[in-house]
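One structure is given here, and the rest of the page talks about it.
Each chain gets a letter, A, B and so on, in the order its sequence line appears, and its residues count up from 1.
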Protein chains: 2
Amino acid sequence: MSAIRLVDDLAPSSPNADWMDTILKGDCVAALERLPEKSVDVIFADPPYNLQLDGDLHRPDQSKVDAVDDAWDQFESFAAYDAFTRAWLLAARRVLKPNGTIWVIGSYHNIFRVGSSLQDLGYWILNDVVWRKTNPMPNFRGRRFQNAHETMIWATRDQNAKGYTFNYDALKAANDDLQMRTDWLFPICTGGERLKDEAGAKVHPTQKPEALLARVLMASSRPGDVVLDPFFGSGTTGAVAKRLGRRFVGIEREQAYIDAATARIAAVEPLEAPELASMTGKRAEPRVAFVSLIESGLVAPGTLLSDSRRRWTASVRADGTLAIGSEAGSIHRMGARVQGLDACNGWTFWHYEAGGKMKPIDDLRRQVRDGMVVGGA
Amino acid sequence: MSAIRLVDDLAPSSPNADWMDTILKGDCVAALERLPEKSVDVIFADPPYNLQLDGDLHRPDQSKVDAVDDAWDQFESFAAYDAFTRAWLLAARRVLKPNGTIWVIGSYHNIFRVGSSLQDLGYWILNDVVWRKTNPMPNFRGRRFQNAHETMIWATRDQNAKGYTFNYDALKAANDDLQMRTDWLFPICTGGERLKDEAGAKVHPTQKPEALLARVLMASSRPGDVVLDPFFGSGTTGAVAKRLGRRFVGIEREQAYIDAATARIAAVEPLEAPELASMTGKRAEPRVAFVSLIESGLVAPGTLLSDSRRRWTASVRADGTLAIGSEAGSIHRMGARVQGLDACNGWTFWHYEAGGKMKPIDDLRRQVRDGMVVGGA
DNA sequence: GGACCAATTGAATCAAGAA
DNA sequence: CTTCTTGATTCAATTGGTC
């Protein structure tokens, strides 16, 4: 399994499909053009993001951020990136079966170019799916929101392709009998899953988590289906495809990535069916921001909060901070401040009055979490 | 407040800005071209989504889904939608202040066209932000994922605009002292907040929740700022802007929407200034020169400063520099020097001894800032 | 062994003001 | 314009060392 061959060695219309479960070495478009048309069920593509980074970025502790500055991510202009995108999307479309689907992942740097090109070429978008990261890199300079997600586009070959695979019931069953939504929560790829070389350096700068690929393939493919990844990299798509009983084809230019992916995939043991269910289940919900109580109308700006014994009182401001006199800060900071402590859980410390009784604002947080607040006002 | 006027009535270069807190009736581009250039701080735009619904959509019980099929949401092709998008984005860019920012919300039907056009016109994307819906409409046919989010793009006028407003500290304080992320959770607009006509029908098919606009405006604007919404609709942007002490300008073609928005905004009570005050961090505080600590007598020349763990020690000189042996320089340079780093914040690195404990010289700076030390010269 | 602490790291379009 | 100085800024996990 997963022999490597150069693109030139490929027999284009081989009836026994000897390119199955292999990595094709070479340029993405050239390799795609050698594959038989209408031969793959699902394409998962993680193309260069065209990050356009300028200069170094340091963390607050002055350590340097290891940026993605590889040559393969450098494009001269949006026009050049668009040309690249259209070329590989066009070649990919020829290879896709009429009822096959394509997934492309990207960030705000490139995903709008990809989405427009998909539409321009006749692909029909089914969903955009958001990968919410449990542990994204912070915004070190505090100049933007923490970039905590990436976007995937899922599309058919054309508008009239209605027979695509979507395992609706399996996903629903795996999601507490609720429809699987378009926002997915997964950690980034770290720890033992992340491929490292002998020196301990990461093999590939943008290795995707297997859990993400598992949900993609569980949703949109069936056992025995052929999954193509035109930017194979460290081979996550191949590893997950093999584990889930799918066949794969990878295209990759760099030998170092091919070597790492080959070894990785060789070590994969295909899973039995019952083991797959747990991988698609939903993840725990994260925190509730105090400001969301204000935004949802549960707490009005100007509301007075006190501790349970009414020793201290503070005023809620529209921006989600608490004010006492001229001082303001988070519910936690201000709770610590009045008590002269280093830390304080503002959710349980601060109370509001309801029916003559003092109740912790944690009660309101629970209402937001449980979805009891709909509409606000 | 919120008088309505026709675009033709508008005095383009009115010094008293009589278009403030009004709704301009007419075509979006025509109205934008009549506004003065570089006159608005924030634009929030909820353009038509170009939904390509093919025939009616029915729920499993055969009831018809009230889809967005209004005439204003029909475009013949992607090219037509792109032309429309470029036209209004270009007109909007002229009106935006050099350090102003724009928000555009959309779904997978149109957001990729919008994002590409933004980039093509020179806007610089800061973030894409995902609005996760707590209560999205289900996918009735079970053929796709439940479409549970919409996407907002936040961008500056151009790449070099670094002075845009982002209330980082307030957002962080409002979010349990953690950076605000790009995935936001809000309910869709229902219940009492949803505008209905006498017959109980929705006034506008895509009314956005006020909570969403509240976070947008709290994040990227300040009290008194001018907020423009070129697709005003039911006036959510104006209602929230008024409540948060911002000024607004709306553009809308349909009289029914203008009437509903006008009545809605008139009923809004603005918050008081204390509730609107927003937390600011060190960035907003006045600069204090280290030498002023010496001039005010807080630090005597010859004082020895050390880092918190007393690994290095330096001597304060009368000119405001630090000396270590024969080397001297600013508190920042010398802090960097001893640590072998490129940069260092001397205010938090260097400490002085007080009562047997090491305290950062930043504490002394705070005393100067708070006016506790009047000397200064 | 386990508890605790320090160090490291991840697809990043990450200053502002004065001279 | 450019160049220089000042000085503001991080979250979740994993890894590895020490007590």
With a non-hydrogen cut-off below 4.0 angstrom, is A:Pro47 in contact with a base, only sugar-phosphate, or nothing?
base

Looking at every strand, decide which applies to B:Gln159 at a 4.0 Å heavy-atom threshold: base, sugar-phosphate, or nothing.
nothing

Have B:Asp183 and B:His149 got a donor and an acceptor in their side chains that come within less than 3.5 Å?
no

Close N/O contacts between protein and nucleotides 12-18 of chain D (under 3.5 Å):
none

Taking the same atom, C1', in C:dG1 and in D:dT18, what whole-Å distance lies between them?
14 Å

Within residues 283-293 of chain B or reaching into it, pairs that qualify as salt bridge (Lys or Arg N to Asp or Glu O under 4.0 Å) - sequence neighbours excluded:
B:Glu285-B:Arg369

Contact under 4.0 Å: A:Lys202 side-chain N or O vs C:dT9 OP1/OP2
no

Less than 4.5 Å apart, any side-chain heavy atom of B:Arg86 and any of B:Leu121?
yes

Got a donor-acceptor pair under 3.5 Å from the side chain of A:Arg144 to the base of C:dT13?
yes

Of B:Tyr168 and B:Phe290, whose closest DNA chain D nucleotide lies nearer the 5' terminus?
B:Phe290

Kindly express the pairing pattern of DNA chain D in dot-bracket notation, using | wherever a base pairs with another strand and counting only Watson-Crick or G-U pairs under 3.5 Å.
.|||||....|||||||||

If we take the C1' atom in both C:dT13 and D:dT5, what is their distance in whole Å?
25 Å

Assign A:Gly55 to base, sugar-phosphate, or nothing according to its heavy-atom contacts below 4.0 angstrom with the strands shown.
base

Within a strict 4.5 Å, meaning less than it, do heavy atoms of the B:Tyr168 and A:Arg143 side chains meet?
no

Please work out which of the three classes, parallel, tilted or perpendicular, describes the rings of A:Phe112 and B:Phe112, given edges at 30° and 60°.
tilted

Length of the CG-P vector between A:Asp46 and C:dA11, whole Å
10 Å

Between A:Asp229 and A:Lys208, does at least one N-O distance fall below 4.0 Å, as a salt bridge requires?
no

Write down the distance between CD1 (B:Ile125) and P (C:dA11), rounded to a whole number of angstrom.
20 Å

Starting at CG of B:Asp169 and ending at P of D:dA8, how long is that distance when rounded to a whole Å?
11 Å

Nucleotide D:dT10, atom P - distance to CZ of A:Arg143 in whole Å:
13 Å

Any residue in residues 314-352 of chain B with a heavy atom nearer than 4.0 angstrom to DNA chain D? Just list them by number, or reply none.
B:Ser330, B:His332, B:Arg333, B:Ala343, B:Cys344, B:Asn345, B:Trp347

Work out how far the C1' atom of D:dT9 is from that of C:dA12, and round it to whole angstrom.
14 Å

Mind calculating the distance between CZ (A:Arg113) and C1' (C:dT13) to the nearest angstrom?
14 Å

Donor-acceptor pair present, A:Lys208 side chain and C:dA11 base, under 3.5 Å:
yes

Please name the residue in the list A:Asp70, A:Asp197, A:Asp66 that meets the salt bridge (charged side-chain N to carboxylate O under 4.0 Å, His left out) test with A:Lys202.
A:Asp66

Could you tell me whether the side chain of B:Phe349 reaches within less than 4.5 Å of the side chain of B:Ile331, counting heavy atoms only?
no

Length of the CZ-C1' vector between A:Arg194 and C:dT9, whole Å
10 Å

Could you check if the base of D:dT14 is syn or anti? Syn means the glycosidic torsion is within 90 degrees of 0.
anti

Earlier contact from the 5' end, DNA chain C, for A:Tyr108 and A:Asp66:
A:Asp66

May I ask you to list the residues of residues 56-64 of chain A, by number, that have any heavy atom positioned under 4.0 Å from an atom of DNA chain D?
A:Pro60, A:Gln62

Determine whether B:Leu118 and B:Ile153 make a side-chain contact, defined as any pair of heavy atoms from C-beta on separated by less than 4.5 Å.
yes

Above 12 or not: heavy atoms from other molecules or residues under 6.0 Å from CZ of A:Arg59?
yes

Does C:dC14 have its OP1 or OP2 closer than 4.0 Å to a side-chain nitrogen or oxygen of B:Arg283?
no

Rounded to whole Å, please give me the gap between CE in A:Met137 and P in C:dT13.
9 Å

Between CZ of A:Arg141 and P of C:dT13 the distance, given in whole Å, is 13 Å

Using atom C1' in both nucleotides, what's the gap between D:dT10 and C:dA7 to the nearest angstrom?
14 Å

N or O in side chain of A:Asn147 less than 4.0 angstrom from C:dT13 OP1/OP2
yes

For B:Asp363, give me all partners under salt bridge (Lys or Arg N to Asp or Glu O under 4.0 Å), at least two apart in sequence or on another chain.
B:Arg366

Determine, using ring centers only, whether B:Trp103 and B:Trp154 are less than 6.0 Å apart.
yes

Which of D:dT10, C:dC14, D:dG7 is nearest the side chain of B:Arg365? It is D:dG7

Any chance CG of B:Asp319 has more than 12 other-residue heavy atoms, nucleotides or ligands included, within less than 6.0 Å?
yes

Any B:Lys172 side-chain N or O less than 4.0 Å from OP1/OP2 of D:dT10
yes

From the list B:His351, B:Arg311, B:Met358, side chain to side chain contact (heavy atoms under 4.5 Å, CB included) with B:Ser306 holds only for B:Met358

Are there over 12 heavy-atom neighbours, none belonging to A:Arg264, within less than 6.0 Å of that residue's CZ?
yes

Examine A:Phe231 together with A:Trp88 and report whether their ring centres are nearer than 6.0 Å.
yes

